[in-house]
Amino acid sequence: AHAGPAISRLMLERLSARRAELLGALVRATRRIAGAPDRETLAGVILSGAKDLFPSEAAFLLLPDPFGAWVVARQDGLAEETDGLPSLGPDHPFTRPCAGERPNYIALLPDDDPFRQAVWENGSDFLRAVSFPLRRKEKLMGWIVLWNPSQGAALPGNEENLMQEYAT
C-alpha cells in the first residue's frame with residue numbers, strides 16, 4: 001500500500017527532471033542559434049544543439065543542392081570530413097517525405113547504401129537513425145539526421161515533439 005505511491009512519485013520526479021533538462025537544452029540551443037554570426041557557424045550550432053537534446057554517435061545536416069539532391073553540409077561526430085559523404089536523392093530513407101512534421105525512423109539501410117558505406121569507412125556501422133525535417137514556415141529547408149541515437153529506436157512522444165519544435 002505504501003510502495004505504490006512512492007514508486008509513482010519517484011517516476012514522476014524522474015520524468016519531470018528529464019523534461020526540465022530537455023527544456024533547458026532547447027533554450028540554450030535556440031539562444032546559440034539566434035546568436036550565430038554566419039551560415040557556417042549556424043550549421044554547427046544546429047547540429048550541436050540537436051546532439052545536446054538527443055545524444056547520438058553523429059549528426060548530419062543535409063541541405064539541398066541545385067540539382068535536387070541533398071548534400072551533407074555539416075556533420076558533428078565521427079570524422080569531420082564531409083567530402084567523402086555522397087549526396088542523397090529524394091528517395092533515400094533519410095530524405096523521404098514524411099507525414100506532416102513527423103520524423104523518419106530508419107531501422108534498416110541496405111548494406112550497399114552509399115551513405116552507410118561512407119560512414120562505415122569513417123569507423124561507424126549503422127544501427128539506426130532518425131531524420132527530422134528542417135522547416136521554415138511550410139518550406140522544407142533541410143534535414144537533421146541523428147546517426148545511432150543513444151535513446152533507442154524511437155523517441156518518447158514528448159521528446160519527439162521537442163525535437164520537432166527545435167527543427168522547426
Side-chain angles (χ1 to χ4, degrees), residues 22 25-110 112-151 153-155 159-168:
L22 285 172
L26 181 63
V27 167
R28 287 188 300 277
T30 53
R31 284 183 181 160
R32 289 192 312 243
I33 287 172
D38 56 41
R39 184 179 172 144
E40 182 62 28
T41 305
L42 178 61
V45 168
I46 288 171
L47 287 184
S48 69
K51 283 186 71 179
D52 286 349
L53 282 168
F54 302 103
S56 59
E57 186 176 342
F60 302 95
L61 179 62
L62 304 177
L63 297 177
D65 72 2
F67 308 107
W70 297 94
V71 296
V72 177
R74 181 77 180 228
Q75 71 182 47
D76 186 339
L78 304 176
E80 286 299 319
E81 300 294 324
T82 57
D83 295 339
L85 297 173
S87 60
L88 305 173
D91 59 338
H92 192 275
F94 294 162
T95 60
R96 194 171 290 141
C98 50
E101 301 287 319
R102 312 252 342 141
N104 290 329
Y105 291 98
I106 299 99
L108 180 65
L109 280 178
D112 62 348
D113 181 85
F115 194 88
R116 180 178 178 167
Q117 291 295 324
V119 174
W120 179 79
E121 290 171 7
N122 281 320
S124 175
D125 198 11
F126 175 79
L127 300 175
R128 64 193 155 274
V130 59
S131 63
F132 291 89
L134 284 171
R135 295 190 184 275
R136 184 169 186 208
K137 298 183 181 177
E138 295 299 317
K139 184 174 180 185
L140 180 63
M141 306 296 289
W143 297 88
I144 296 173
V145 177
L146 300 176
W147 184 264
N148 295 335
S150 60
Q151 73 276 358
L155 299 172
E159 293 184 17
E160 180 181 297
N161 292 339
L162 270 177
M163 188 61 188
Q164 287 175 241
E165 282 297 317
Y166 178 72
T168 302

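These figures come from a predicted structure and were not determined experimentally.
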Checklist entry - Which heavy atom in Val71 sits nearest to a heavy atom in Ser87, and how many Å separate them? => result CG1-CB, 3.6 Å
Next on the checklist: I'd like to know if the side chain of Ser56 reaches the main chain of Lys51, judged simply by a donor and an acceptor atom lying under 3.5 Å from each other, with no hydrogens or angles considered.
Outcome noted: no
Next on the checklist: Quick check on side chain to side chain contact (heavy atoms under 4.5 Å, CB included): which of Ile144, Leu47, Val119 does Phe60 satisfy it with?
Outcome noted: Val119
Checklist entry - Roughly how far, to the nearest 0.5 Å, is CE of Met141 from CG of Leu63? => result 8.5 Å
Checklist outcome for this item: Separation between CG (Leu88) and CG (Asp113), nearest 0.5 Å, reads 7.5 Å
Next on the checklist: In the structure I gave you, are the side-chain heavy atoms of Leu109 and His92 within less than 4.5 Å of one another anywhere?
Outcome noted: yes
Checklist entry - Would you say Val130 and Ile106 make side-chain contact, with heavy atoms under 4.5 Å? => result no
Next on the checklist: A side-chain contact here means heavy atoms from C-beta on lying under 4.5 Å apart; do Phe115 and Phe94 qualify?
Outcome noted: yes
Next on the checklist: Among Leu61, Asp65, Val145, Leu140, which residue satisfies the side chain to side chain contact (heavy atoms under 4.5 Å, CB included) criterion with Trp70?
Outcome noted: Leu140
